[in-house]
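As the structure is a computational prediction, the values presented were derived from the model and not from experiment. Order of the sequence lines sets the chain letters (A, B, ...), proteins ahead of strands, with each chain counted from 1.
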Number of protein chains: 2
Amino acid sequence: MKNDYTKSQQEMATLFKALGHPARVAIMEHLLKIDACIVGDIVDELPLAQPTVSQHLKELKNAGLIKGSIEGNTICYCVNEKGIEKLSNYFSGFHSKLNKQENKCC
Amino acid sequence: MKNDYTKSQQEMATLFKALGHPARVAIMEHLLKIDACIVGDIVDELPLAQPTVSQHLKELKNAGLIKGSIEGNTICYCVNEKGIEKLSNYFSGFHSKLNKQENKCC
DNA sequence: TTTCTATATTGCAATATTACGATATTGATT
DNA sequence: AATCAATATCGTAATATTGCAATATAGAAA
């Protein structure tokens with residue numbers, strides 16, 4: 001019982017946590033699929049009520065995984081590349097270290 | 001309010017959720033760092049009591065992110081490459097789609 | 001300016017997660 | 001056999017997440 005978590009560990013955990021719900025994975029994929037950053041028809045794509053979707057969007061935004069901009073009456077969300085980049089980098093680093101490692105057990 | 005989540009969305013969410021806690025990120029990184037699949041000295045690396053660490057290890061194992069093998073009195077955990085591969089593939093796909101997309105707003 | 005439409009916020013119930021002390025389990029040591 | 005060491009499981013308290021109805025907000029349309 002010793003070390004506290006590093007800042008990086010905490011940041012990564014926050015990102016992962018934000019994706020740790022199928023609704024939020026679905027939102028990310030939908031934002032990626034429809035090339036335009038279409039808005040609240042995300043609600044129509046999910047088996048959830050509008051306030052619940054709004055809540056999930058907020059979590060994704062707080063985690064830095066999406067961005068939203070107001071467009072008149074409407075809000076336009078899209079993927080925040082920075083967040084994706086962090087995740088993608090993390091795993092490529094992880095993966096390359098894994099290859100160098102010879103598993104001594106398991 | 002329409003579609004249910006796909007199997008893939010659910011699977012990915014499960015993987016992300018498993019990493020959505022700094023202790024579990026720290027465990028993964030530690031297993032990667034010490035080339036050998038060292039055991040319960042993970043407990044000494046974390047600011048948590050042994051039962052709590054055990055619980056986190058179980059979650060990671062259930063999610064398919066680590067493997068454990070009994071070694072006499074001891075248990076040897078190590079990273080499960082399959083899980084990492086899934087995550088790493090997911091993001092590289094995601095990332096390459098992102099590049100093709102011209103953000104119309106945001 | 002009233003009404004409509006899109007979205008966010010609030011309040012709250014149901015459920016899940018996190019942490020840990022106490023205890024169980026199992027192989028190793030004596 | 002008795003004890004020790006490493007780990008898992010159980011029970012439970014504290015906290016966080018999820019989902020939604022009701023309501024608020026703010027720009028657009030009438």
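- Following rounding to the nearest Å, B:K17 (NZ) and C:dT15 (P) show an atom-to-atom distance of 15 Å.
- Remark: B:I38 engages B:I34, B:A36, B:D41 in a side chain to side chain contact (heavy atoms under 4.5 Å, CB included) (not counting sequence neighbours).
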Next item on the list: Indicate for each nucleotide in nucleotides 22-30 of chain D, in 5' to 3' sequence, whether protein heavy atoms under 4.0 Å reach the base (B), only the sugar-phosphate (S), or nothing (-).
Entry: B----BS--
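- Within the structure, every side-chain polar atom (N or O) of A:K58 is placed at least 4.0 Å from both OP1 and OP2 of C:dT7.
- Listed nucleotides: D:dC20, D:dT9, D:dT17. Nearest to the side chain of B:S54: D:dT9.
- Computed from coordinates, the A:N62 CG to C:dA8 C1' distance equals 13 Å when rounded to whole Å.
- Considering every non-hydrogen atom in both B:G93 and B:S96, the closest pair reads O-OG, 3.0 Å.
- Each of C:dA19, D:dA8, C:dA6 was ranked by its minimum atom distance to the side chain of A:T74; first place goes to C:dA6.
- In the set C:dC20, C:dT9, D:dG19, the nucleotide with an atom closest to the side chain of A:H56 is D:dG19.
- We find that CG of B:L48 is positioned 16 Å from C1' of D:dT7, with the value rounded to whole Å.
- Checked by atom type and distance alone, the side chain of A:T74 never pairs as donor or acceptor with a backbone atom of A:I70 at under 3.5 Å.
- Atom CD in A:Q55 sits about 15 Å away from atom P in C:dC12, given to the nearest Å.
- A close approach under 4.0 Å does not occur between any side-chain nitrogen or oxygen of A:Y77 and OP1 or OP2 of C:dA6.
- Aromatic ring orientation, A:Y5 versus B:H21: perpendicular (interplanar angle above 60°, classes split at 30° and 60°).
- What separates CD1 of B:I27 from C1' of D:dT7 is a distance of 14 Å, to the nearest Å.
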Next item on the list: Take A:F16 and A:F91, measure what ring pair (Phe, Tyr, Trp, His ring centres under 6.0 Å) needs, and give me the verdict at the end.
Entry: CA-CA 12 Å; A:F16 292 133; A:F91 281 113; 5.6 Å; yes
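- Taking only side-chain nitrogens and oxygens, A:T52 never comes nearer than 4.0 Å to OP1 or OP2 of D:dT18.
- Between A:E59 atom CD and C:dA8 atom P the separation is 13 Å, expressed in whole Å.
- B:A18 and B:R24 get closest at one heavy-atom pair: O-NE, 2.6 Å.
- Between the CD1 atom of B:I66 and the P atom of D:dT7 there is a distance of 12 Å, rounded to whole Å.
- When atom types are taken as modelled, the side chain of A:N80 and the backbone of A:K67 share no donor-acceptor pair closer than 3.5 angstrom.
- In this structure, the nucleotide among C:dT9, C:dT18, D:dT9 sitting nearest to the side chain of B:R24 is C:dT18.
- The distance between atom CG of A:L57 and atom C1' of C:dT9, rounded to the nearest whole Å, is 14 Å.
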